[in-house]
Amino acid sequence: MKLPKVYEPAQYEADMYALWEKSQAFKPGMTGENYSVVVPPPNANGNLHIGHALTLALEDIAVRYHRLKGENALLLPGADHAGFETQVVYERQLAKEGKSRFDFTREELYAQIWDFVALNRSNFENQVRRLGAGVDWSRYTFTLDDKIVQRAYATFKKMWDEGRIYRGERLVNYCTFHRTGFADIEVEYKDATTPLYYLKYGPFELATTRPETKFGDTAVAVHPDDKRYTKYVGKVIEVEGVNGPFTVQVVADEMVDPTFGTGVVKITPAHSFDDWEVAQRHTLPVKRILKHDGTLNHEAGRFEGMTVLEARKAVVEALKEKGLLVKVDENYQTRIGSCYKCGTIIEPMLMEQWFVEMQPLAQEAIAALEAGKVAFHPESKKKQLIEYLHNLRDWNISRQIAWGIPIPAFQNVDDSDDWIYDERVTEEIIEVDGKTYRRDPDVFDTWFSSSSWPYATLDYPDGDDFKQFYPLSVMETGFDILYPWVSRMIMLGLYITGDVPFTTVYLHGLVLDEHGQKMSKSKGNVVNPLDIVDQYGSDAMRMGIITGQSAGNNQPFGLSKVVGARNFANKLWNISRYVEDKISGKTIKGVPELRNEADRWIYTSLASCATTVGKHLDAYRFSEAYERLYHFVWDDFADWYLEISKVEPNLDLLAFVHRSILQMAHPFAPFVTETVWQTLAQTGDTLLATSHWPELTLDVADSINLEHEFNILKDIVLEVRGLKNSLGITANIPLHFKGTMSKQQTAIIKHLAKLSDVSSVDKSTGVRLLTSDKALQLWLDVDTKTAAAYREKLEQKRLGCLKVIANLKARLSNESYIKHAPETLVKETREQLAGAEEKLKSIKDEAARFSK
RNA sequence: GGGCGCUUAGCUCAGUUGGCUAGAGCAUCUCGUUUACACCGAGAGGGUCGGGGGUUCGAAUCCCUCAGCGCCCACCA
């Protein structure tokens with residue numbers, strides 16, 4: 001045999017992938033319906049983690065399936081420069097060498113990181129191959145490729161021209177360690193307990209968590225209806241501070257909660273989002289007190305140069321000394337925003353940045369979502385997304401980092417309000433109309449350019465791919481990037497192309513360890529998908545990770561699932577060995593004949609499997625599709641039909657069903673199925689990957705009757721096995737029957753039930769099977785002593801049967817049931833009752849025989 | 001404070017529009033050295049579907065309520 005006894009994935013996988021690539025199997029054929037998926041680009045610099053493995057598995061299953069259905073299927077791969085993420089990694093490397101990013105210019109840093117990423121890119125590409133993802137490498141796109149950059153520029157320009165983007169001085173979430181601003185969504189909030197300080201503040205007493213921001217106070221606010229303080233509203237008051245007295249205004253604002261603290265709030269517009277809003281409403285002066293490195297500036301007087309936390313301590317001490325500190329509530333619960341990379345507390349910092357006006361974009365997206373233009377799996381995420389879009393605020397797209405796409409905007413050196421759009425971003429200074437302009441040193445938020453990913457990768461606006469493949473069929477990604485990415489792709493897709501970027505969104509949850517714990521380096525429970533591939537094979541990794549999972553839920557990933565999947569791959573391998581052994585050297589007809597009830601049964605069952613698996617995959621129910629296939633292959637084909645073929649071979653059909661199994665299993669287990677296909681190649685065979693989904697064209701007239709027809713044999717076998725097991729019979733004994741059975745049928749029963757003989761008799765001996773009926777009576781030939789043990793079993797069966805009958809009778813005696821339930825259901829219930837009663841009679845007859 | 005979700009066998013989870021005796025994988029128990037496979041085969045046990053109430057001929061599924069868990073969003077200093 002060409003196929004060895006045990007499937008060793010590592011021996012074949014690389015060759016199979018190379019074969020697919022060489023044959024351009026993953027290039028869309030440009031005929032048939034379009035089915036297009038773009039891979040969410042993983043970080044080009046990193047290793048693929050378990051989440052990527054899940055994404056690639058789901059996408060590749062979907063795309064391979066649609067390819068086999070004869071569609072124009074595309075899975076487009078990409079890699080992300082992952083701006084801030086990658087720079088952080090690179091900074092850590094610099095730190096190890098005792099250097100800092102601030103030792104270099106942004107240009108130098110950009111060049112260094114480019115080389116750093118280039119080193120790791122091929123590594124990542126090979127990992128995609130090892131996971132078996134059938135991507136079209138000729139369309140491989142990097143997020144810094146020219147066409148992506150040009151798209152970002154064009155979008156920026158269009159927004160600029162249409163007034164949807166503005167540069168303004170606003171409060172921005174700022175990390176003083178990484179020295180860059182963030183979008184709202186990039187801030188990670190954590191619950192914290194902090195002291196709440198009650199201070200003497202002019203005529204007031206007020207509560208604050210941040211006494212060190214006192215130097216930036218320009219007002220105090222009270223609620224307009226708060227009678228305690230009405231007399232102060234509109235006045236300027238003098239306040240004794242740690243650096244001496246200063247003055248602030250008193251304003252009335254709805255934002256103040258009179259029941260919190262003392263109902264008085266100090267207003268620090270430059271360093272608090274709430275206070276900034278108040279300052280806008282009351283046109284208050286704004287005073288900055290923090291430098292970008294997180295230390296206090298000259299406004300803080302003798303506290304200048306201290307970090308926020310140092311200053312807080314020192315200011316509190318100073319307040320105490322001056323008798324200005326009234327009391328401290330040590331157990332105040334609050335939420336603190338921190339940098340999602342380094343954990344540094346995010347400071348609201350007043351900065352000039354580019355902002356995208358979001359509400360008009362959001363409204364378009366909401367309209368499209370409400371019109372049902374995008375289907376969601378799970379559906380609940382759509383509602384959440386709409387909710388999010390309603391509350392979306394303007395988006396800060398400027399980042400003060402090096403690794404990213406430079407913002408194509410220049411500022412007049414003589415007039416800070418004069419900004420122009422220009423793509424000469426490699427120049428620092430340009431001359432336009434005799435005026436000198438300096439480039440904005442910032443780069444785009446990575447999400448800004450990646451929002452265009454679905455159409456930018458397809459060469460919008462003029463590319464053939466765009467015309468062919470847009471909108472994408474499905475966007476599969478983790479639910480954690482629903483807001484930062486999916487929402488923005490929808491908004492920008494609508495804004496730029498006028499259409500939604502994809503018609504279906506499938507969101508998977510977090511992949512957890514097998515105990516439901518989040519994977520993390522510190523816990524040491526991180527599973528590397530490539531290790532799993534090494535150990536169990538790529539197919540096992542893929543099938544293991546999709547087993548028993550549904551959209552939107554977090555999913556524990558355990559080795560037991562992988563082992564199960566590995567065993568299934570081995571099962572596929574071994575049924576193939578069996579088939580190879582049977583058919584080698586024989587001439588196999590492409591169109592089989594159905595000769596007996598077993599043939600008709602397996603063919604019907606195959607057809608049902610192909611339909612159901614297809615339906616599940618069409619509806620993105622991956623796990624259910626896999627399970628249905630698994631049970632057809634293992635239970636129906638391997639355990640029944642293959643055994644039958646040992647005594648009643650129909651090689652044409654055996655080969656046909658086997659081929660169909662390879663075709664259906666291919667999306668789930670591409671490597672093992674292609675390996676078998678190539679090894680057993682018959683004339684005319686090319687690649688399984690570009691083969692086709694089973695076409696079941698034989699006429700099987702009445703499948704319900706056919707099922708019944710084979711089930712008679714099946715029931716006999718099952719009962720004999722059950723009896724032998726429960727009576728402890730291990731020897732092969734004979735079965736007798738009275739009635740009609742063909743030679744084929746007796747041979748099948750004999751083999752499957754492990755009997756010594758199946759023969760026709762005139763007189764009954766031994767234990768009568770309950771599957772007997774008038775036409776066909778059967779007896780298992782056991783001695784009297786063993787048969788006596790059977791009486792107990794019979795009594796158990798009788799009780800069970802009585803229960804079933806009582807149940808069915810109760811249902812049928814319910815008039816409402818007869819009246820309201822569908823007719824077919826009632827009819828079915830009647831039939832079941834009749835069947836159960838017949839069975840009860842058999843049991844009673846048999847019991848009577850024993851009592852004689 | 002608002003929103004969303006989860007609770008089904010020992011474990012991890014499926015269960016599409018309400019409809020037969022609620023399923024799977026793993027685990028457990030019994031038996032088996034059959035020439036595709038011990039990464040196997042045959043058989044078995046195991047659940048009052050978180051609690052309570054309601055709608056319905058019929059509820060794991062729809063509604064209400066209670067309890068526990070989780071996630072996301074939010075300007076109480």
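Atom set for the values below is all heavy atoms of this structure, side chains included, hydrogens, waters and symmetry mates excluded. To find a chain, count down the sequence lines: A is the first, B the second, and so on, and within it residues start at 1.
- For the pair A:Glu815 CD and B:C57 C1', the interatomic distance rounds to 11 Å; values are reported in whole Å.
- For the P atoms, the distance from B:G58 to B:U65 is 23 Å, rounded to whole Å.
- A:Asn173 places its CG atom 10 Å from the P atom of B:A74, with the value rounded to the nearest Å.
- Summary of the strand contacts: A:Leu642 and A:Asp635 both lie near RNA chain B, and taking for each the nucleotide with the nearest heavy atom, the more 5' one is attributed to A:Asp635.
- Residue A:Arg566 is in base contact, counting any heavy-atom pair closer than 4.0 Å across all strands shown.
- Ring orientation note: the planes of A:Trp634 and A:Tyr630 are tilted relative to one another, at an angle of 30° to 60°.
- Note on A:Arg811: only backbone sugar-phosphate atoms sit closer than 4.0 angstrom, heavy atoms only; bases stay farther off.
- A donor-acceptor contact closer than 3.5 angstrom links the side chains of A:His658 and A:Ser576.
- For the pair A:Glu277 CD and B:C76 P, the interatomic distance rounds to 12 Å; values are reported in whole Å.
- Side-chain atoms of A:Pro556 lie closest to B:U12 of the nucleotides B:U21, B:U12, B:G19.
- Within 4.0 Å of A:Glu643, counting heavy atoms only, lies at least one base atom of the nucleic acid.
- Taking the centre of each ring, A:Tyr229 and A:Phe204 come in below the 6.0 Å mark.
- Between A:Trp573 and A:Tyr578, the distance from one ring center to the other does not fall under 6.0 angstrom.
- When distances are taken from the side chain of A:Glu627 to each of B:C4, B:A42, B:A24, the shortest belongs to B:A24.
- Taking atom C1' on both nucleotides, B:G32 is separated from B:C37 by 15 Å, rounded to a whole Å.
- Closest to the A:His820 side chain, of the nucleotides B:C57, B:C76, B:G43, is B:C57.
- Using atom C1' as the reference point in both B:A59 and B:C49, the two lie 11 Å apart (nearest Å).
- Taking atom P in both B:G54 and B:C71, the straight-line distance is 35 Å, to the nearest Å.
- Among the protein residues, A:Asn391 comes within range of no part of the nucleic acid, since none of its heavy atoms lies under 4.0 Å from any strand.
- A:Pro822 comes within 4.0 angstrom of a base, heavy atoms only.
- If you take atom C1' in B:G45 and the same atom in B:A27, they sit 13 Å apart, rounded to whole Å.
- Considering only the side chain of A:Arg721, B:A42 comes nearest among B:A42, B:A36, B:G25.
- No side-chain N or O of A:Ser272 forms a donor-acceptor pair with one of A:Asp274 less than 3.5 Å apart.
- The gap from the C1' atom of B:C11 to that of B:C57 amounts to 38 Å, rounded to the nearest Å.
- Counting any heavy atom pair closer than 4.0 Å across all strands shown, A:Ala638 reaches a base atom.
- No engagement by A:Phe273 is indicated, since no non-hydrogen atom pair under 4.0 Å with the nucleic acid exists.
- Atom NZ in A:Lys750 sits roughly 20 Å away from atom P in B:A42 (whole-Å rounding).
- In this structure, A:Leu723 atom CG and B:U30 atom C1' are separated by 16 Å, rounded to whole Å.
- The two residues A:Val286 and A:Leu350 come nearest to each other via the heavy atoms CG1-CD2, 3.6 Å.
- Stem list for RNA chain B (at least 3 consecutive Watson-Crick or G-U pairs, distances under 3.5 Å): B:1-7 with B:67-73, B:10-13 with B:23-26, B:28-32 with B:40-44, B:50-54 with B:62-66.
- Put simply, A:Lys5 has a side-chain N or O that comes within less than 4.0 Å of OP1 or OP2 on B:C37.
- Side chain of A:Gln384, nearest nucleotide from B:G15, B:C4, B:C75: B:C4.
- Among the atoms of the strands shown, only primed sugar atoms or phosphate atoms (P, OP1, OP2) are found under 4.0 Å from some heavy atom of A:Tyr483.
- Contact annotation: A:Ser623 side-chain N/O to B:A14 OP1/OP2 distance is not under 4.0 Å.
- Regarding A:Lys582, its NZ atom lies at a distance of 12 Å from the P atom of B:C37, rounded to whole Å.
- Of the candidates B:G19, B:C39, B:C26, B:C39 carries the atom nearest the A:Val6 side chain, counting heavy atoms from C-beta on.
- At the heavy-atom level, A:Lys754 lies under 4.0 Å from base atoms of the strands shown.
- The side chain of A:Glu624 approaches B:G15 more closely than any other nucleotide in the set B:G15, B:G25, B:U30.
- Proximity of A:Trp634 to the phosphate of B:C40: no side-chain N or O atom is located under 4.0 Å from OP1 or OP2.
- Contact annotation: side chain of A:Lys819 to base of B:C57, donor-acceptor pair absent below 3.5 Å.
- Of the two residues contacting RNA chain B, namely A:Leu512 and A:Glu828, the nearest-nucleotide position lying further toward the 5' end is that of A:Leu512.
- Looking only at distances, no side-chain donor or acceptor of A:Asp226 sits under 3.5 Å from a matching main-chain atom of A:Pro258.
- Between A:Asn567 and B:C40, a side-chain N or O to OP1/OP2 separation shorter than 4.0 Å is present.
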Step-by-step side-chain contact (heavy atoms from CB on, under 4.5 Å) determination, A:Tyr197 to A:Leu319: CA-CA 10 Å; A:Tyr197 304 94; A:Leu319 286 166; over 6 Å; no
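- Among the protein residues, A:His616 comes within range of no part of the nucleic acid, since none of its heavy atoms lies under 4.0 Å from any strand.
- Residue contacts shown for A:Ser726 are absent, as no nucleic acid heavy atom lies under 4.0 Å away.
- With salt bridges taken as basic N to acidic carboxylate O contacts below 4.0 Å, none links A:Lys750 and A:Asp757.
- Heavy atoms of A:Val256 sit under 4.0 angstrom from at least one base atom.
- Within 4.0 Å of A:Thr208, counting heavy atoms only, lie sugar-phosphate atoms of the nucleic acid but no base atom.
- For the residue pair A:Lys214 and A:Thr208, no side-chain donor N or O sits within less than 3.5 Å of a side-chain acceptor on the partner.
- Atom CG in A:Asn732 sits about 19 Å away from atom P in B:G41, given to the nearest Å.
- Taking the centre of each ring, A:Tyr506 and A:Phe622 come in below the 6.0 Å mark.
- Distance noted for atom C1' between B:U35 and B:G19: 47 Å (whole Å).
- When each of B:C26, B:A36, B:G32 is scored by its nearest atom to the side-chain atoms of A:Ser560, the top-ranked nucleotide is B:C26.
- Of the candidate nucleotides B:G25, B:C39, B:A42, B:C39 has the atom lying nearest to any side-chain atom of A:Asn570.
- For A:Lys571, the listed nucleotide lying nearest its side chain is B:G41; candidates were B:U30, B:C76, B:G41.
- Looking at residues two or more places apart in sequence or on another chain, you find no ring pair (Phe, Tyr, Trp, His ring centres under 6.0 Å) involving A:Phe479.
- The nearest whole Å value for the distance from the CD atom in A:Glu188 to the P atom in B:C71 is 12 Å.
- Taking 4.0 angstrom as the limit, A:Asn553 places a side-chain polar atom (N or O) nearer than this to OP1 or OP2 of B:A14.
- In terms of phosphate contacts, A:Lys518 brings no side-chain nitrogen or oxygen within less than 4.0 Å of OP1 or OP2 of B:G70.
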